[in-house]
Amino acid sequence: MARFYITTSIMYANASPHVGFALEMIQGDAIARYRRMMGDEVAFLTGTDEHGTKVMRTAEQAGVPTQEFVDRIAGEVGALARRLNISNTDFIRTSDRVRHWPAAQRIWREMVARGDLYKRSYEGYYCVGHEAFIKESELEDGLCPLHKSAPERLKEENWFFRLSKYRDDIRRRIESGELAIVPETRTKELLNLLEDAEDVSFSRPAEQLPWGIPVPDDATQTMYVWADALTNYISALGYGTDEAGMVFWPADVHLIGKDILRFHAMVWPAMLLSAGMSVPKAIYVHGFITVDGQKMSKSLGNVIDPVALLEQQPADVVRYFMLREIPSTDDGDFSWKNLENRYVSDLANGLGNLVQRVATLIETKLGGTLVIGSFDQETEKVLSWLWDTKGYKAAFSTFRLHDALGDVWTRIGIANQYLNDREPWKQEGEAQALTLRVAAGILLHIAWLLQPFMPETAQKIGDVFGAPLTEAPDREATVSITKGAPLFPRPSKE
Ligand SMILES: [Zn+2]
């Protein structure tokens, strides 16, 4: 059994979980479930990034002790993951002194031993929104172009990481595909960024930033929040403590948002190389969610709260919409109107109707049971495309989840068409039985394909047909119908 290790980024704990992070967890979950379906042993990590200036100040403003504040946010992220039916196998928190701190401090020591961390005084602009120094040349009218806020002018003594030393090595690994960045547009972006990668400040004076992990053997300094946070991917595996979980390293996929590519494809691999470790195999980069074509922002009042969304729709509907409507590697739009449209056309009228029709026909025409059995040659030929999952699998391996899901809906459309053409409600005897045996086989296959995306729905279809979900039709399988409530009830018109 192959091992597969996938991570989401860890959510920055300065506010309640946002819909962008919900999307990232859902995407990660689809991949994790797919790999399990393929027989892999999967470790799937998510968690919270709890240190740094922004968290400290937000807690201060809320009048809550920082630890209490991050406990609450981590609790909310965990609760959201459960409501979305995320199958993560672990949840790491960077304020965890037992699991996380030893790893961050150990990698720091390894980097010191390699001569890659040095202390110097530094003067520059620090954007708290970014939790990073920002170059003067990147400012627009003195403001950070992303956060539209003035950075702070800092002059302080910091530890620096010799990132420049690893520039060529990282470039080589990216170009050879050893470290794959998906999609390719992001590879180019990163290679450009790599051109002028400079050494990075890796600590802040503890006086300025007491909320964080102390630099080993230098109590005057706190680790830079990114140096600490990136280590979560190995601290969760037990790096620096109990290392049994390290058999999962290197990660197969780090799933991240486009705004943190630089840290994951440049700083993190450099840290690992410095510590004498392998770099991750792939970084999948997703885009942002816009709302009705506009950027989400508090001032526009168009922020989608994932918890509110889940109060209106079951997890599978939210998962379906996010994975189908938002192209995995690009920005995508959220609109309530589209959610409603997709619900009615794709779920209620598409999949839901198909399941209902076939189950009812088997019940009324065949007494509720059938054996899938074999089909005549012509039927086999016509249906052979259906059992072909190459396109579906290729979409998964190149992080095009919307295409894999689109592929499933093509099958649903053709299955509905097949029924319309054959009109089993008018057929009799062998011909009717054949149509329904084919339809049942198709549905068990569709449910199999749906498992990574809509696990509950897939399970429900299996329950309705009383047979195992399989990639290719199981000719021996006996279908026995137990109809429950409709999978996707049509919204009542009031
Ligand atoms: Zn900024």
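Ligands are counted one by one from 1 in listed order, and the atoms in each one are counted from 1 as well. We use all heavy atoms of the structure for the numbers below, so side chains are in, but hydrogens, waters and symmetry mates are not. Keep in mind the model is a prediction, meaning the values are calculated, not measured.
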On the six-membered ring of Phe321, is Arg342 placed so that its NZ or CZ lies under 6.0 angstrom from the centre and within 45° of the ring axis? no

Distance-only donor-acceptor hits, side chain of residues 236-247, under 3.5 Å, sequence neighbours excluded:
| from | atom 1 | to | atom 2 | distance (Å) |
| --- | --- | --- | --- | --- |
| Thr241 | OG1 | Gly238 | O | 3.1 |
| Asp242 | OD1 | Ala244 | N | 3.3 |
| Glu243 | OE2 | Arg106 | NH1 | 2.6 |
| Glu243 | OE2 | Gly240 | N | 2.7 |

Within less than 2.8 Å, report the number of protein N/O/S atoms around the Zn ion (ligand 1).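 Excluding waters, the total comes to 4.
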
Parallel, tilted or perpendicular for Tyr34 and Phe396, by the 30°/60° rule?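 Taking Phe396 first and then Tyr34, their aromatic rings lie parallel (interplane angle under 30°).
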
Please list, one pair per line, the donor and acceptor atoms closer than 3.5 Å that link side chains of residues 260-270 to other protein atoms, with sequence neighbours excluded.
| from | atom 1 | to | atom 2 | distance (Å) |
| --- | --- | --- | --- | --- |
| His264 | ND1 | Ile260 | O | 3.1 |
| His264 | NE2 | Tyr233 | OH | 2.7 |
| Trp268 | NE1 | His254 | NE2 | 3.1 |

Does any pair with a residue in residues 205-216 pass side-chain hydrogen bond (donor to acceptor under 3.5 Å, both in side chains), and if so which ones, sequence neighbours excluded? none

As a test of understanding, state which of Phe133, Phe202, Tyr122, Tyr224 forms a ring pair (Phe, Tyr, Trp, His ring centres under 6.0 Å) with Phe160.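 That would be Tyr122; it is the only one of Phe133, Phe202, Tyr122, Tyr224 passing the ring pair (Phe, Tyr, Trp, His ring centres under 6.0 Å) with Phe160.
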
